[in-house]
Amino acid sequence: MSINSEFIVTAFIKETRKRFLDTYLIRRGDSLSGEIFLKLNNLNGLSKIYTYKKTKKHNPWEIYSSGNWEEDEQIKNKLNKILNIDQDIWIIELEDEKGNSPNFYNST
């Protein structure tokens with residue numbers, strides 16, 4: 001049995017806000033089993049997509065697709081393609097000028 005998606009998203013947003021990072025829920029998905037995607041925005045017009053792997057205890061966020069920074073419009077198109085396939089997904093956006101990996105919260 002895994003933790004439900006809504007719990008993971010809520011906890012992640014609370015943790016990032018405790019670190020004074022701007023984090024937004026862009027799309028609410030299925031509360032129990034919706035796949036979770038994170039758009040990491042470096043505030044310079046570039047972003048990355050991560051997906052949350054519930055089966056991984058340490059560093060559950062994995063880069064989705066390319067590990068390179070991509071134009072925001074490309075990332076938006078990728079997320080829209082995913083959404084066209086699966087309407088149950090969650091999308092979070094984390095704005096961080098430093099572009100830190102979302103796994104930072106496991107280090108404390």
Side-chain angles (χ1 to χ4, degrees):
M1 183 171 154
S2 67
I3 299 174
N4 74 47
S5 298
E6 186 169 11
F7 180 82
I8 293 167
V9 169
T10 302
F12 180 78
I13 290 173
K14 284 182 181 181
E15 182 63 32
T16 56
R17 288 184 177 165
K18 283 191 329 189
R19 295 171 183 266
F20 301 103
L21 294 170
D22 292 325
T23 311
Y24 308 97
L25 179 60
I26 304 300
R27 180 170 188 5
R28 179 178 293 277
D30 181 78
S31 62
L32 296 177
S33 61
E35 189 170 359
I36 303 166
F37 289 91
L38 173 72
K39 176 184 173 188
L40 177 59
N41 184 336
N42 72 2
L43 302 173
N44 289 317
L46 301 173
S47 297
K48 292 181 182 182
I49 302 174
Y50 288 83
T51 185
Y52 190 91
K53 300 295 182 188
K54 292 180 180 180
T55 57
K56 292 180 68 179
K57 290 183 180 182
H58 301 288
N59 302 324
W61 291 102
E62 287 186 358
I63 198 74
Y64 183 85
S65 175
S66 167
N68 299 322
W69 291 98
E70 298 180 60
E71 297 288 329
D72 284 334
E73 194 61 33
Q74 290 176 300
I75 295 296
K76 183 178 177 181
N77 290 339
K78 285 183 181 185
L79 289 170
N80 283 335
K81 284 180 183 179
I82 296 166
L83 188 55
N84 285 335
I85 295 168
D86 185 357
Q87 294 289 309
D88 293 333
I89 68 169
W90 292 78
I91 302 174
I92 309 165
E93 182 165 351
L94 170 60
E95 294 179 345
D96 184 4
E97 288 178 332
K98 296 176 186 174
N100 291 316
S101 162
N103 288 310
F104 66 86
Y105 73 94
N106 285 328
S107 62
T108 59

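Index from 1, following the sequence.
- Counting heavy atoms of neighbouring residues, nucleotides and ligands inside a 6.0 Å radius, atom NZ of K56 exceeds 12 of them.
- Taking CD of E95 as the start and OG1 of T23 as the end, the distance is 8.5 Å to the nearest 0.5 Å.
- Closest approach of S47 and N41 over heavy atoms only: OG-CA, 3.6 Å.
- The hydrophobic clustering, which links ILVMFWY residues whose side-chain heavy atoms are closer than 4.5 Å, places Y50 and I89 apart.
- For Q87 against R27, the heavy-atom pair with the smallest separation is O-NH2, 3.0 Å.
- The distance from atom CD of E93 to atom CG of L25, rounded to the nearest 0.5 Å, is 11.0 Å.
- A distance of 5.0 Å separates CG of L38 from CZ of F12, quoted to the nearest 0.5 Å.
- Residues L43 and Y24 do not share a hydrophobic cluster, defined by chaining ILVMFWY side chains whose heavy atoms lie under 4.5 Å apart.
- Listed by chain and residue number, R28 satisfy the salt bridge (Lys or Arg N to Asp or Glu O under 4.0 Å) test with E6 (two or more places apart in sequence, or in another chain).
- Between Y52 and W90, a ring centre-to-centre spacing not shorter than 6.0 Å is recorded.
- The cluster map of Ile, Leu, Val, Met, Phe, Trp and Tyr, joined by side-chain heavy atoms under 4.5 Å apart, puts I26 and I92 in different clusters.
- Under the 4.5 Å side-chain heavy-atom criterion for Ile, Leu, Val, Met, Phe, Trp and Tyr, I91 and L40 are members of distinct hydrophobic clusters.
- I49 is listed as a side-chain neighbour of K78, based on a closest heavy-atom distance under 4.5 Å.
- Residues forming a salt bridge (Lys or Arg N to Asp or Glu O under 4.0 Å) with K18 (at least two apart in sequence, or on another chain): E15.
- Note that OG1 of T16 and CG of L94 are 6.0 Å apart. Values are rounded to the nearest 0.5 Å.
- The line from CD1 of I13 to CG of D22 is 12.0 Å long, rounded to the nearest 0.5 Å.
- In the displayed structure, K54 atom NZ is contacted under 6.0 Å by more than 12 heavy atoms of other residues, nucleotides or ligands.
- A donor-acceptor pair under 3.5 Å links the side-chain atoms of T51 to the main chain of I36, judged by distance alone.
- Listed by chain and number, the residues in a side chain to side chain donor-acceptor pair (under 3.5 Å) with E97 amount to none (sequence neighbours excluded).
- You'll find the side chain of N80 reaches within 4.5 Å of the side chain of K76, heavy atoms only.
- I63 and W61 fall within a single hydrophobic cluster, where Ile, Leu, Val, Met, Phe, Trp and Tyr are joined by side-chain heavy atoms under 4.5 Å apart, directly or via other members.
- No side-chain heavy atom of N44 sits under 4.5 Å from any side-chain heavy atom of W69.
- N42 contributes atom CG, which lies 7.5 Å from atom CG of D72 (distance to the nearest 0.5 angstrom).
- Residue S33 comes nearest to S5 through the heavy atom pair C-OG, 3.5 Å, listed as atom of the first residue, atom of the second, then distance.
- The number of heavy-atom neighbours closer than 6.0 Å to CZ of F7, taken from other residues, nucleotides and ligands shown, is 12 or below.
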